[in-house]
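Written out below as structure tokens is the structure these notes cover.
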Amino acid sequence: MIRLDCPYCGLRDHEEFSYIGDATKRRPAHGGEASAEEWFDYVYIRDNPRGPHQEIWQHIQGCRAFIRVLRNTLTHEVTATGLPRDDLSGKAGVGS
Amino acid sequence: MRSPRSLIPSVLLPRRAEQPYRLEEGGAINRLAPLPFTFDGTSYNGYQGDTLASALLANGVRLVARSFKYHRPRGIYSAGPEEPNALVELRSGGRHEPNTRATTIELFAGLEAKSQNRWPDLTLDVMQVNALLSPVFVAGFYYKTFMGLPGWRFYEHFIRKAAGMGIGTTLADPDSYDKMHAHCDVLVVGGGPAGIAAALAAGRSGARVTLLEESDALGGRLRSDRETLGGAPAMAWVRSAEEELDSLANVTVMTRTMGFGYYDGNVIAAVERVSDHLATPPAFAVRQRLWHFRTKRVVLATGATERPLVFANNDRPGVMLASAARSYVNRFAVQPGKRAVVFANNDDGYATALDLSRAGIAVHALVDSRPGGNPDLQVRAEAAGIECLTGSAVIGTRGYLALHSVDIAPISADGRSVTGNAFNLSCDLLAVSGGWSPNVHLHSHSGARPVYDPAIAGFVPGTPRQAERSAGAAAGSFALADCLRDGAAAGAEAAGLLGFDAKPIEAPVTELRGAKPLVALWQVPGSGKKFVDLQDDVTAGDVELAHREGYISVEHLKRYTTLGMGTDQGKTSNINGHAIMAEARGEPIEAVGTTTFRPPYNPVSFGPLGGRDIGRHFAPTRRSAMHDWHAENGAVFVEAGQWLRPQYYLRDGEENVKSDFDRAITREVTGTRAGVGMVDVSTLGKIDVQGKDAAEFLNRLYINGWKTLAVGRARYGIMLRDDGLVFDDGTTSRIGENHYFMTTTTANAGAVMSHMEEYLQIHWPELDVKIVSVTEQWAAMALAGPKSREVLAAAVEGLDVSNEALPFMGVRETTIAGAFARVFRISFSGELAYEINVPADYGRLVWERLMEAGAAHGIIPYGTEAMAIMRIEKGHVAGGELDGRTTADDLGLARMASSRKDYIGRHMMGREGLTDAARPKFVGLVPVDGKTRARAGSILVADPSTPPPVPKLGHVSSSAYLSPTLGHPISLGLVEGGMARAGETVWAMYPLRDEAVEVRIVDPVFYDKEGERLHA
Amino acid sequence: MAEYSALSLLRHALTGHRDWRRAWRDPEPRKSYDVIIVGGGGHGLASAFYLAKNHNVGRIAVLEKGYLGGGNTGRNTTIVRSNYMLEENAHFYEKSLQLWEQLSQELNFNVMFSQRGVTNLAHSDAQMDAFARRGNAMRLNGIDAELLDRKQVRREMPYLDFSENARFPIYGGLKQPRGGTARHDAVAWGLARGADRLGVDIIQNCEVTGFKLEGNRITAVETSRGDIGCGKVGFAVAGHTGHLAARLGMKLPIESHVLQAFVSEPLKPLIDTVVTFGAGHFYVSQSDKGGLVFGGDIDMYNSYAQRGNTPMIEHVFSAGLAMIPSLSRLRVLRHWGGIMDMSMDGSPIIGKSPIDNLYLNCGWCYGGFKATPGSGWVFAYTIANDAPHELNAGLNLERFRRGYLVDERGAGPYPNRH
Amino acid sequence: MPDSATPMPLRRSALAGALRPGDHGARDYRGPGLIIAERHPLSMVQIEVRPDGVQAMLDAAADALGLRPPESFNTSVGNGLPRILWTGPNRWLVVEPESRDLVAMLRDALAPTNAAVVNLGHARVSLRLSGREVRRVLMKAGPLDWHETAFTPDKCAQTALFHVSALIDCREESTFDVYVARGYAVSFLESVEQAAAEYGYRVG
Ligand SMILES: Cc1cc2nc3c(=O)[nH]c(=O)nc-3n(C[C@H](O)[C@H](O)[C@H](O)COP(=O)(O)OP(=O)(O)OC[C@H]3O[C@@H](n4cnc5c(N)ncnc54)[C@H](O)[C@@H]3O)c2cc1C
Ligand SMILES: NC(=O)c1ccc[n+]([C@@H]2O[C@H](COP(=O)([O-])OP(=O)(O)OC[C@H]3O[C@@H](n4cnc5c(N)ncnc54)[C@H](O)[C@@H]3O)[C@@H](O)[C@H]2O)c1
Ligand SMILES: Cc1cc2nc3c(=O)[nH]c(=O)nc-3n(C[C@H](O)[C@H](O)[C@H](O)COP(=O)(O)O)c2cc1C
Ligand SMILES: [Zn+2]
């Protein structure tokens, strides 16, 4: 069971969360004139790294907040959690 | 508690009371509680404290199984979960359990066990012929043959019959299971000396400690070895330690609980065998329980497993592990034989020989493969009259159904060759020890990799990957004193790391023995079948064959020969097999490596993993506020996700059979269209949306515009995903200045809520919008039909429901039966209709009030079937059309899209693939013959006679076997060209039923195209 | 090399099987190859086999970082079927199924392809309609399919839960009689032996770590055993495609997720077909060794670990017991995981890449074992002709940008929902 | 909603007919291990504000309710008249036995703070679980640390109990108020009863 530290609810099973995915993807601004290529990149393209990965989870069974998690995709070790806009890069732990 | 005897059917009452191999005294058994049991139909007696294995041995039963492939006679080989041979079918009927290890079954009165994988019985098992064919049935032989006619399916039939072991029942299990979630600071796995010491050290510091022990009691090897601690028998120390642990409120000791898997987040899963030691679980008790331990630190004190020596015919009944032989004499007071030979490459042999002779077993020889053996211990053995043969080995055994003698010869120092003449020594017990392998299973589960330690010729824990440390034999330290010290240190360290002040405990002094290291002996010279994996009949020869054929990686070796793939997962065999491969490759074992241990540590029943989430409770059930009314009024319910919804209502005298429910559905449609009907729509998703930017938010969510919607008005909307495909639809009403009430489809209620939360929390946090799901707050009912206004008028309190006052798409608040009600004049059925929302606790009250008010107009409740037919008649899209693959344009809804704003999906919906003219588009379909239904799921094609592959024009997405309104079947579908082909005919193909229906493409709105009824 | 047959088996028995030769050679990598296939799973080996067999390409190497078949090929629940609805998938998977039907003979290696039938259970009218649409499309494509009603399902699988107690009653099912299972390891070994006999160099313990580029061409692959020159390169690395492509600065519409599988203790024949639950995630068949082999859904989070976690494990067992209550006292023997290459529409990507001489074979999700021979067959064609075969033309990389998605489930661009 | 002046019709609980008063399951000389009681009818109102409006809202709420909503996450305050629970960032739930038009009252009181005030009074059922084995029953139900040193009075939390989203509020060492969505009420009660059967339970 991966254990995620919700900034509001504390350490909880990942089963309480729903996985949203890569947190580094920024949605092109609403009303902006982003190119088709930018939209394609946002919707379809993923770095899919083997190692530290910043990702978004929603605490769906808890406070319903979306949180950002830095997790190693190779070891499943979670080294940092924060709010969606926090930048967690650099907080990668031993596992990476 | 019922007395054991009262449980026993008279047929089981003991016929042969005496247990010829039971010692007069000693052992941790209760001689006052004899327990009758049967094996292969014969009745025996054992004692409380026995395992099935010890009880069988006490009764002189040595042949208990047949091997997997060659059906060789096999006996009891171990005294623990590592048992490769003695697998039996336990219990009967719905409680039948195949492949159960006799060595871990706690004996209970009336126990029934049968041998397996033999026919007709153990002694004359006809499949023994396989043994004759064994020269052909080598590893992987089946990959090289059975390829020709009549084909694999033919051969497979026989192979499968021969393979497998126990027989699985098809009867339902009468017992129940559940789950527990626990948290602790320190979890200690294993209740031997190391684990006990760890629990004491951590427990005394005040940390929350749990100690898990798989077997029925603490003690580990101490239950079986004649160790002393502080001058007294070691078990006395165990008992006092147990008392102290019980006295500590912060410590929990759980026996009969196996930690079977070490998962991420330092979570250990365990199974508690709550009632397996009883004939049946007591009332309200479960059979087994799954535990999740969320831990801060883990101490793995799981001990070590002794391994066999690999020599010719090392599998006969009577050959067993030395540690097992000691368990049987010391713990169970059973003689596993009368005349023994002990064969070891380490000091264990001496302790074993002494224990056996102390138990009155004639030890004919102690064979120590080490040149020179261990002189100190040899002195003691010889003092006890035991002849010690060092630098020698057992190179073969004799006997068939049971061992009757062994061949012994001197071997070279490197153990590779026989250096002198063999001689034969009679015996019925051969105790072997090839050294010990630490139980690194959970350590491996946690993601860590064990490393090879030549000192013990075994794999020991590597660098921990999680908050874990191994201790005692599990860490490769085998001397009792070391185990205690190591365990205590590990426990103290774990608590210390968590900020508890833990002091190391003083370990009691142990009896010191001049220990001498083992000398690895992986394969004993000599010819004959040398079994490495007893369960899967993998021999040293098979390992060498795998090497010859290039399956030289330990992983290929495993898969090609099935080494270590049996129910024991190679606990006794892996290391020997890998070492023999290493020798063949001429590489060191560390270079060859080992395979991965995966959960579970020992096999786990499915039951506890399912817990109570099975059968009716596989998923929770969701009911509307009017559920009971529906049930009382003949509703037949259907699952809609987790909801139960009325599908149709049967009347007295009607059965739930097609003819009757077709009548009911037609009745509900015509009743509604002609007069008035009411349907429960509480399951629709409902979301309360508030905030200064609410309108802006809706404008971004939906493809159509929302800025102009006035308070008191509702509007239909379509949502896309960012990829430009349709996500969901529904109506949203403006109920206040900055206050909206949104509805979603039943299926997408949860998804839409999360979708909106994601945009608000992540993409557009600047918007002042607050949303909350109010699906459960409101009971919702749709009142539909030309008479609906009269009914509503009669029910509402002081609200003008005239067309002027409450026009189509109008929203008003009122009370009905005194309850607050929100009335939406919207329609799914195509009739004049109102959706009425009331606080759920008033749902039934208001429903009944409306029914009462409608009685005069012959109001009829209708279910999902009638609702579906009416929406098809009206050409509304629903699940069949909103399948995640359609665009707004495919569904004829593109005109709704606003060109003057940005919205989710806008930027990708224009991609060529989504605007391709060839895309099927939404249409209505009617049978040309006016009577044959084109079923949902039919494929639309131009010419029914085209041979496959047939070009496809589209498909039928929804269909009504009969539109009571139009008097013929109708369907909705998507077809290439869409309405541009109106009037043309195509064929709806349903080859699964050999149906082909010619259908005409028509407007999807079959009913009241101008919407007069809606606006009436 | 010696043919495998009952006779040769008997002959070798007389000599104690001392004369069997290696199933495939263990060559040192050469300086360069015409085609290098990265990945020694079923797809990579099949690609090499068909390149040599159908397109007589000269020097071919398969580079495998670990042991052959140690990836998803060696971890999967071995279900083989071609019951797809969408054109792009249907014809491709049917071709693959046809190749399966002759694979043992073609390889002279028994891959134990057992056509025991595959049935997907339906638990609502809507699900029956969806299955009907798929089954009708299959039949119109000339692929076998049968729609079973509740009674027929009960006749074939009486052990399913037909009691009042079932939370989601069984309405019926869609059956493909020609579907079934195969022995996963044998597939890898048979293909390796077959390719080896055609001169393909199969090089294990050789990890590709980087690439040498000239312009838009790969001139050599860097490996743990040194650089190896290449004419063309094909990726068949499944879950590892993402980070391998990253070495070329290429990003893909793929996420790697862990999917778990389970095996029970060995039993005498109990379940003689393949059946999947429709109200939860569970599918089961019985291996020739007697173990029930079963699985469920992916764990939902990106992962390169070959281990899963308890939530999906528990779901699998409750779903399994909801479907077949009598499994309750059987025991699970082992469970493990594999790394799924989940694509953004749930269908594979097999064709050309933005790099001139690089070809992609990935995005197989939970369904690529059944594709093994077909994938190798079309991938070999694509590499040899530098153009896709019509069978894989629709499964190209460009479809995501252009909007020609192949989304069987309609789940959208969320890899963990396919 | 009509204000308290107009008499409200009788509310029908989602558990009407499902609660079987009396003792069930195993018998224990110490009496039933779990006591199950429904709390009904309740007023439940959710308050949500923008981050910038929190303090103003807390002040206004304190005035209106005579009780300041808790600022620390996953805690609850009050003797029940009313009880206020933190349920998420900038989000609270006010609960009291139904006696007045709480929604209207709060809407007026909080209007200046731009808070969203939503009536959830019928959206959830609330069970009071108490007794000797209540924490063991909760251990069967959900993944939180139910230990008396960890889940103490005036702590509240949200998680899934028996796979149903639930809000749990610890009132006393052996007393918990549990809230689940109304539609799941009966199914949830069945699960609680199954889990409690081995300890014996009383429906009061
Ligand atoms: C649990 C599970 C159940 C499944 N069930 C089914 C099923 O029932 N039916 C079905 O059809 N499909 C199923 N699948 C999917 C199927 O197993 C895969 O799609 C298929 O086996 C992929 O084969 P492959 O050859 O492409 O990949 P793999 O077999 O994974 O081979 C890829 C190989 O590439 C190697 N590699 C990776 N990186 C490098 C590198 N840098 N250098 C060299 N070598 C490298 C890997 O070591 C690996 O051996 C399942 C998968 C899993 C995990
Ligand atoms: N003579 C030798 O060479 C030799 C070798 C090894 C061990 N020993 C003796 O064995 C003892 C070792 O002490 P120890 O405490 O390290 O090991 P142990 O074998 O005494 O105790 C381990 C205990 O852990 C339990 N266990 C194992 N896996 C478990 C799991 N997953 N879940 C729950 N319980 C589990 C076992 O049932 C066992 O009771 C010492 O007395 C030592 O002298 C002697
Ligand atoms: C179809 C299939 C059947 C399997 N049957 C068994 C089995 O009978 N016994 C066993 O120990 N493992 C069995 N395994 C699992 C393997 O032992 C192993 O766990 C799997 O190949 C993954 O490799 P790994 O665990 O070494 O990572 C089976 C695997 C598959 C794919
Ligand atoms: Zn939270």
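Numbered from 1 within each chain, the chains take letters A, B, ... in sequence-line order.
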Item to check | Side chain / backbone / both / neither for B:Y177 at chain C, heavy atoms under 4.5 Å | outcome: side chain
Item to check | Portion of B:Q647 that has a non-hydrogen atom of chain C nearer than 4.5 angstrom | outcome: side chain
Next on the checklist: Between C:R183 and B:Y143, is the side-chain hydrogen bond (donor to acceptor under 3.5 Å, both in side chains) condition met? List the steps.
Outcome noted: CA-CA 10 Å; C:R183 177 91 176 92; B:Y143 298 127; 2.9 Å; yes
Item to check | C:N165 versus chain B, the contacting section by heavy-atom distance below 4.5 Å | outcome: both
Next on the checklist: Which atoms of B:S446 are under 4.5 Å from chain C, going by heavy atoms: the side chain, the backbone, both sets, or neither?
Outcome noted: backbone
Checklist entry - Between B:R160 and C:D272, is the closest basic N to carboxylate O distance under 4.0 Å? => result no
Checklist entry - Using non-hydrogen atoms only, which part of B:L609 is less than 4.5 Å away from chain C: side chain, backbone, both, or neither? => result both
Next on the checklist: Under the criterion side-chain hydrogen bond (donor to acceptor under 3.5 Å, both in side chains), I'd like the reasoning laid out for B:D173 against C:S328: C-alpha separation, chi angles, the key distance, then a yes or no.
Outcome noted: CA-CA 6 Å; B:D173 183 353; C:S328 179; 2.8 Å; yes
Item to check | Atom group of B:R548 that falls short of 4.5 Å from chain C, counting heavy atoms | outcome: both
Checklist entry - Salt bridge or not for C:D407 and B:R885, using N-O below 4.0 Å? => result no
Checklist entry - Is any side-chain heavy atom of B:R287 less than 4.5 Å from a side-chain heavy atom of C:R329? => result yes
Checklist outcome for this item: By side-chain hydrogen bond (donor to acceptor under 3.5 Å, both in side chains), B:R101 pairs with (sequence neighbours left out) none
Checklist outcome for this item: Note: vs chain B, highest number of non-hydrogen pairs under 4.5 angstrom among C:L174, C:D129, C:L267 is C:L267
Next on the checklist: Please classify the contact of B:V941 with chain C as side chain, backbone, both or neither, using a heavy-atom distance under 4.5 Å.
Outcome noted: side chain
Item to check | Heavy-atom pairs under 4.5 Å with chain B, option from C:Y404, C:W189, C:F262 with the top count | outcome: C:W189
Next on the checklist: Less than 4.5 Å to any heavy atom of chain B: does that hold for the side chain of C:L327, its backbone, both, or neither?
Outcome noted: both
Checklist entry - With a 4.5 Å heavy-atom cut-off, do B:V136 and C:L10 have their side chains touching? => result yes
Next on the checklist: Assess whether a salt bridge exists between B:E97 and C:R331, defined as any Lys/Arg side-chain N lying under 4.0 Å from an Asp/Glu carboxylate O.
Outcome noted: yes
Checklist entry - Which atoms of B:Y560 come close to chain C, meaning under 4.5 Å heavy atom to heavy atom: side chain ones, backbone ones, both, or neither? => result both
Checklist entry - In terms of heavy-atom proximity below 4.5 Å to chain B, should C:Q286 be classed as side chain, backbone, both, or neither? => result both
Checklist entry - With no hydrogens and no angle check, do the side chains of C:Y67 and B:R559 hold a donor and an acceptor under 3.5 Å apart? => result yes
Checklist entry - Which atoms of B:R935 come close to chain C, meaning under 4.5 Å heavy atom to heavy atom: side chain ones, backbone ones, both, or neither? => result neither
Item to check | Partner residues of B:F141 under the ring pair (Phe, Tyr, Trp, His ring centres under 6.0 Å) criterion, sequence neighbours left out | outcome: B:F137
Next on the checklist: Is any side-chain heavy atom of B:Y990 closer than 4.5 Å to one of C:L147?
Outcome noted: yes
